[in-house]
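Single-structure report; data block below.
Counting starts at 1 for both ligands and their atoms, in listed order. Values in this document were obtained by computation on a predicted structure and should not be read as measured data.
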Amino acid sequence: MVEAKIGIIGGSGLYKMDGLKDVREVKLSTPFGDPSDVLIVGKLEDATVAFLARHGRNHHLLPTELPFRANIHAMKQLGVEYIISASAVGSLKEEAKPLDMVIPDQFIDRTKDRPATFFGEGLVAHIAFGDPICTNLAKVVGDAVESLDLAESSLHRGGTYICMEGPAFSTKAESNLYRSWDATVIGMTNLTEAKLAREAEIAYATLALVTDYDCWHPDHDSVTVEMIIGNLQKNAVNAQLVIKEAVKRLNANPPESIAHSALKFAILTPPDKIPAETKEKLSLLTKKYF
Ligand SMILES: CSC[C@H]1O[C@H](OP(=O)(O)O)[C@H](O)[C@@H]1O
Ligand SMILES: Nc1ncnc2[nH]cnc12
């Protein structure tokens with residue numbers, strides 16, 4: 001089995017990583033179904049990385065349809081310890097302009113129709129999620145952005161990402177409600193992924209790339225796919241540069257992460273009371289504790 005310590009999940013607009021060497025397509029199955037697509041494993045800046053297109057390489061999966069658990073489980077199977085997620089977001093603040101980058105440190109969950117835990121079926125675990133993003137990994141990504149000269153894009157470190165269900169974009173009332181909550185950006189994917197990554201003890205950070213002002217902004221029309229497509233493409237170019245630089249830094253200096261021991265005090269069910277099939281199903285995640 002190939003191994004990769006760093007995982008990259010590409011969202012809308014980022015369907016492949018340029019510059020990968022010794023590329024292999026790895027098709028994995030998991031106890032939670034198949035991932036969104038094959039994982040692309042290759043060398044980037046001397047590090048072995050695993051890339052996955054979240055919506056599939058042809059963008060055929062809605063946010064609600066994403067096999068989040070299979071995607072994270074597949075990363076875990078490859079030995080991934082750090083995931084950098086690149087995601088398209090709408091901005092809820094004037095100062096976060098289209099083409100800017102935000103590295104959120106909080107999420108608010110507005111999803112309602114997707115599984116968001118590996119646990120259950122006789123194994124109860126509650127992870128701490130007060131700090132849902134790995135601070136040290138976020139710093140590596142932020143430092144990578146700042147080391148590059150990205151003329152059109154400012155960096156915003158910190159901020160709250162609203163994760164909505166979609167696929168329709170928000171109403172103006174919703175968008176203004178989220179602004180009243182002081183949220184920074186809105187998307188449809190990253191909270192679910194971050195939660196599962198934490199359950200899988202993988203450090204996770206989001207590089208959120210602003211495509212639009214959602215629908216609250218008085219000087220902009222309501223968001224449509226047509227309007228954001230150009231920004232998605234420009235953001236994808238920037239995301240590639242940032243990820244390459246972040247991978248270089250991460251490989252040279254892998255940071256500690258609270259995520260790496262997230263299950264240490266999370267599991268409530270005594271090991272001898274967990275059904276054998278569940279123990280087997282979750283063994284990749286929990287075996288170090290039993
Ligand atoms: C491009 S429009 C909405 C779509 O874009 C974001 O996807 P991702 O987070 O995978 O980059 C957003 O969450 C929606 O899924
Ligand atoms: N305005 C928006 N709302 C939700 N997800 C998005 N992804 C990109 N722009 C978005």
Query raised in the report: Within 45° of the ring axis of Tyr289 and under 6.0 Å from its six-membered ring centre, is that where the NZ or CZ of Lys264 lies?
Result: no
Enumerate, one pair per line, all nitrogen or oxygen atoms of ligand 2 lying under 3.5 Å from a protein nitrogen or oxygen, stating the separation to 0.1 Å; write 'none' if no such pair exists.
residue: ligand 2; atom: 1 (N); partner: Asp212; partner atom: OD2; Å: 2.9
residue: ligand 2; atom: 1 (N); partner: Asp214; partner atom: OD1; Å: 2.8
residue: ligand 2; atom: 7 (N); partner: Ala88; partner atom: O; Å: 3.4
residue: ligand 2; atom: 9 (N); partner: Gly90; partner atom: N; Å: 3.2
residue: ligand 2; atom: 9 (N); partner: Thr211; partner atom: OG1; Å: 3.4
residue: ligand 2; atom: 9 (N); partner: Asp212; partner atom: OD1; Å: 2.7

Query - N/O separation below 3.5 Å, Tyr161 to ligand 1 - result: no
Query raised in the report: For atom 12 (C) of ligand 1, what's the nearest protein heavy atom and its distance?
Result: Met188 N, 3.7 Å
**Report entry** Minimum-distance pair of heavy atoms, taken over all atoms of Tyr15 and Gly56
**Finding:** CD2-O, 3.7 Å
Report task. Considering heavy atoms of the protein only, find what lies nearest to atom 7 (O) of ligand 1 and give residue, atom and distance to 0.1 Å. Result -> Ser12 OG, 2.9 Å
Requested in this report: Examine Leu39 and Leu44 and state if one hydrophobic cluster contains both, with Ile, Leu, Val, Met, Phe, Trp and Tyr joined whenever side-chain heavy atoms are less than 4.5 Å apart.
Outcome: no
Query raised in the report: When you look for heavy atoms under 4.0 Å from ligand 1, do you find them on the side chain of Leu14, its backbone, both, or neither?
Result: neither
Requested in this report: Check ligand 1 against Pro63 and write out every atom of the ligand that is under 4.0 Å from a heavy-atom position of the residue.
Outcome: 15 (O)
**Report entry** Nearest neighbour in protein (non-hydrogen) for atom 3 (C) of ligand 1
**Finding:** Phe169 CE2, 4.0 Å
Query - Heteroatom distance test (Gly11, ligand 1): nitrogen or oxygen, under 3.5 angstrom - result: no
Query raised in the report: Which protein heavy atom lies closest to atom 2 (S) of ligand 1, and at what distance to 0.1 Å?
Result: Ile228 CD1, 3.6 Å
